[in-house]
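Okay, so here's the structure we're looking at.
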Amino acid sequence: MRYTTKHIAFFYALKLIELLYLCGMLEDKNQDRTSLSELGEFGLINHLTKHFKIAHTSTVKAVGDDAAVLDASEKQTLITTDLLVEGVHFDLSYMPLKHLGYKAVMVNLSDVYAMNGTAEQITVSIAVSNRFPLEAIEELYAGIQLACQTYNIDLIGGDTTSSTTGMLISVTAIGKADKEDVVYRNGAKETDLIVVSGDLGAAYLGLQVLEREKQVFKVDPNNQPDLDNYTYLIERQLKPEARKDVSGLLKELDIKPTSMIDISDGLSSEIMHICSQSKVGCKLYEEKFPLDPQVISTAEEFNMDSTMIALSGGEDYELLFTVPIADFESIKTNPNFSIIGHITAENQGLNLVTRANQEIELKAQGWNALKES
Ligand code: ADP
Ligand code: MG
């Protein structure tokens, strides 16, 4: 069944209320809660991991011993880790735990895909306080499991410990790629085209909408959030998808990117990484930025500049890459990709060409910059 935007809006409205209950912002009357201490650490690990199935022959031993065992292949191994901290990277008052689990896996897979590799395994380490009942951790793992099933990933281990205050999640993803397929940040060459998958800025605006609804809800809990106009934005914030498909799409077009990075902090900061590591400059064209209609209308509503959001709003988890200019025709006609600029000589700096045809220098700012403004 395909969900309509109405379904999704309703779902998120319900989730928001449920989450506010869970976080104690509303009085909690009849929720089933199983204390983590009833299970103990080993009971908890077993309970959380027993339903995970192993899909890869490279996974020789997963959860259950002192270490997981992987069968190394001819390929090169890719390893990446991200640590998510409550109150810093996520806010449980509007982030359902299932979504948090899903997202924690996505941010890591995205890094493997940004190397042009295939992800096969993850480890998951969590620190939780007694404030969380077993049911909450089950929700978290339901999201992790959904991500593993959808992206064909084996859960092979982790660590479980207690925390005195907030929740902490660390995921490590392990992947592989043929040596000649790996794409680094440092390979961009002058005249290369700058390309981005999907569209930009939606996840940041989704966060703005959720934060606004949280404030409204605090003042008047009877006020049911109407999220109909923001479904895409909220989905991009709460349920990002890593671009597993891009590597295959490019192979079909017979294109190997010269450099690649995933957009976690915002276009502006990611293109800076590519340019500084490749020792080149760049020119981006404002009119070429791919923006969803909801991004344009909501930016207007929030009195924000959609270009600024595309440049500095993070968490889109799209891929940003460069390709030789010879690939122009095949990239141009592909609906998954937008050509947003080109690489220049290093001494020309990093510039944005506005719709009014003015050139302005790009600033080194990710989503933090937006927060402070
Ligand atoms: P050790 O004391 O040797 O560190 P643990 O009791 O921490 O062992 O872990 C036992 C097994 O369970 C190991 O295979 C470990 O990788 C796995 N594991 C522990 N915590 C988690 C978790 N949160 N998610 C998935 N696997 C876990
Ligand atoms: Mg351990």
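When a ligand or atom number is given, it counts from 1 through the structure's own listing order. For the single chain, residues carry numbers from 1 onward in sequence order.
Here E180 does not pair with K256 in a salt bridge; the nearest charged N to carboxylate O distance is not below 4.0 Å. Under 4.0 Å is where a charged nitrogen must lie from a carboxylate oxygen, and between E86 and R131 at least one such pair does.
Under 3.5 Å, the side chains of Y94 and E211 contain a donor-acceptor pair of N or O atoms. Residues T258 and T322 have side chains that bring a donor and an acceptor to within less than 3.5 angstrom of each other. Remark: the E301 side chain and the Y230 side chain contain an N/O donor-acceptor pair separated by less than 3.5 Å. Side-chain atoms of E359 and T354 form no donor-acceptor pair, as typed in the model, at a separation below 3.5 Å.
Less than 4.0 angstrom separates some heavy atom of D66 from each of these atoms of ligand 1: 3 (O). Listed by number with element, the atoms of ligand 1 under 4.0 Å from a non-hydrogen atom of E41 are 6 (O), 7 (O). Residue-ligand proximity, T160 to ligand 1, at heavy-atom distances under 4.0 Å covers atoms 19 (C), 20 (N), 21 (C), 22 (C), 23 (N). In the vicinity of F42, heavy-atom distances shorter than 4.0 Å reach the ligand 1 atoms 6 (O).
Contacts between D65 and ligand 1, counted as non-hydrogen atom pairs separated by less than 4.0 Å, involve the backbone only. At a 4.0 Å heavy-atom cut-off, ligand 1 touches Y141 through the side chain alone. When non-hydrogen atoms are compared, ligand 1 lies under 4.0 Å from the side chain of T49 (C-beta onward) but not from its backbone. The proximity of I45 to ligand 1, defined as any non-hydrogen pair under 4.0 Å, is limited to the side chain.
Of the polar atoms of L155, none of the N or O atoms is found under 3.5 Å from an N or O of ligand 1, judged by distance alone. Below 3.5 Å of separation, one finds no N or O of S125 facing any N or O of ligand 1.
Looking at A62, G157, G64 and measuring to atom 14 (O) of ligand 1, the nearest heavy atom belongs to G64.
Geometric assessment of K239 against the ring of Y102 yields a positive cation-pi assignment under the 6.0 Å and 45° thresholds.
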Intermediate values then yes/no, side chain to side chain contact (heavy atoms under 4.5 Å, CB included), Y232 and D199
CA-CA 11 Å; Y232 180 65; D199 55 60; 2.9 Å; yes
